[in-house]
Amino acid sequence: MPNQPSNLIHSEIRKTIRHRFYSSVLVTLCGFWLTACTNQEQLPSISFGAPQSTQTSLIWLSEDLGFFKEQGIKLDLHPYPSGKRTLAAMMRGEVELAATAETPFVIANFKRDDLRLYATIGKSNNDARVLARRDHGISEPADLKGKTIATQKGSAVHFFLSSFLLYHRLDPADIKIRFMKAEELPGALATGAIDAFSMRDPFISKARNTIGADKLVEFSVPGLYTKTYNIVGSRDFINSFPGAMQKILAALNKGADYVEKNPQKSIGMVSTRLQFPHERVAALWPNMRLAVTLNQGLLTTLQEEARWAVSSGQIQESELVNGQIPDFLTRLNPVPLAKAIPHAVGLIGVKPL
């Protein structure tokens with residue numbers, strides 16, 4: 001009995017300690033919950049335009065696998081028929097980022113100095129092809145002389161066509177070249193309005209399905225031209241969305257790791273997402289490299305295509321800056337990529353952070 005008051009005191013102390021402990025845990029959990037809710041609400045929503053192409057596979061795969069969300073990024077993806085149209089949409093303010101081939105980026109830089117290329121996310125040395133009507137008397141490249149070939153002006157497939165004709169020693173003056181929208185090409189070939197077109201999938205597959213493979217001949221020159229797809233935004237993007245580009249690139253890099261470890265699953269997912277024939281995606285896959293990079297080879301290509309744009313008359317002499325093509329090194333921003341994946345930057349004179 002003499003110890004009862006002491007026991008009661010100790011019991012009350014223990015109750016007080018337990019109460020304070022559980023209260024502290026409850027406050028901490030509520031804090032975590034409120035922080036999570038706040039973070040969820042504050043996910044930056046970024047509109048991202050991308051062409052429906054196998055070379056933009058990292059974008060679609062990373063979205064479907066939830067890698068952007070893991071990085072705390074909410075992307076509002078907008079599909080476009082081509083990279084050129086995607087870039088044009090970005091320049092009109094429809095989207096904040098664009099995935100585009102390097103050729104439209106080159107031509108746009110003669111008119112705008114506020115565009116920035118942040119990373120390459122896919123490349124292929126056999127993406128563009130020339131598809132021709134066999135029943136129009138075309139069975140080999142030499143038969144294209146005197147024929148009408150259509151393509152999308154100022155795009156990667158336009159540059160490929162120029163390279164293709166040069167490679168086969170065909171004079172462009174002996175060929176009628178027409179410029180059309182990408183989605184118009186299969187129909188024009190089907191009606192016979194043109195004899196051939198320079199393009200990529202899915203437009204090649206659409207033409208083959210409509211016309212019949214037996215009436216067509218497909219020309220390719222692996223290694224003639226390495227086409228890249230790149231992430232392009234405004235100069236001010238990194239200020240408008242602090243840290244967002246770094247997270248986007250990290251998510252895409254995780255997508256690249258997934259592709260490397262799961263090629264067959266990736267082919268199936270891309271085929272389903274883009275609604276391309278599975279066998280066609282599988283045939284294109286070995287010629288592609290899906291990786292997040294920014295290297296010297298791209299800079300060399302930008303300079304080469306800028307000279308082509310001038311020599312082909314797409315850019316007038318009056319559009320040159322002091323008689324020179326743009327300094328494309330200043331139009332690349334390697335900082336976000338250097339922070340996200342330091343080893344992915346391979347530009348001469350640019351050291352990883």
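Keep in mind the model is a prediction, meaning the values are calculated, not measured. For reference, positions follow the sequence shown, starting with 1.
For D64, the side-chain contact (heavy atoms from CB on, under 4.5 Å) partners are M269, R273, not counting sequence neighbours. Qualifying ring pair (Phe, Tyr, Trp, His ring centres under 6.0 Å) partners for F105, counting only residues two or more places apart in sequence or in other chains: none. In this structure R92 satisfies the side-chain contact (heavy atoms from CB on, under 4.5 Å) test together with A88, A89, E94, sequence neighbours excluded. Taking H168 as the reference, F164 meet the ring pair (Phe, Tyr, Trp, His ring centres under 6.0 Å) condition, with sequence neighbours excluded. With sequence neighbours left out, the side-chain contact (heavy atoms from CB on, under 4.5 Å) criterion links H278 to I267, S271. Every ring pair (Phe, Tyr, Trp, His ring centres under 6.0 Å) that W308 has, sequence neighbours left out, goes to H158, F159.
Within the structure, side-chain hydrogen bond (donor to acceptor under 3.5 Å, both in side chains) contacts touching residues 173-190 (residues at least two apart or in different chains) are R85-E183. Screening residues 109-121 for salt bridge (Lys or Arg N to Asp or Glu O under 4.0 Å), with sequence neighbours left out, gives K111-E319, R112-D114. Each salt bridge (Lys or Arg N to Asp or Glu O under 4.0 Å) pair with one or both residues in residues 194-215, not counting sequence neighbours, appears once here: D201-R280, R208-E218. Pairs passing the salt bridge (Lys or Arg N to Asp or Glu O under 4.0 Å) check and including a residue from residues 143-164, sequence neighbours excluded, do not occur. Applying the salt bridge (Lys or Arg N to Asp or Glu O under 4.0 Å) test to pairs two or more places apart or on separate chains, those with a residue in residues 220-246 are D127-K227.
In this structure, F203 belongs to a hydrophobic cluster whose other members, linked by side-chain heavy atoms under 4.5 Å apart, are L131, V157, M180, L185, L189, I194, F197, M199, I204, I211, L216.
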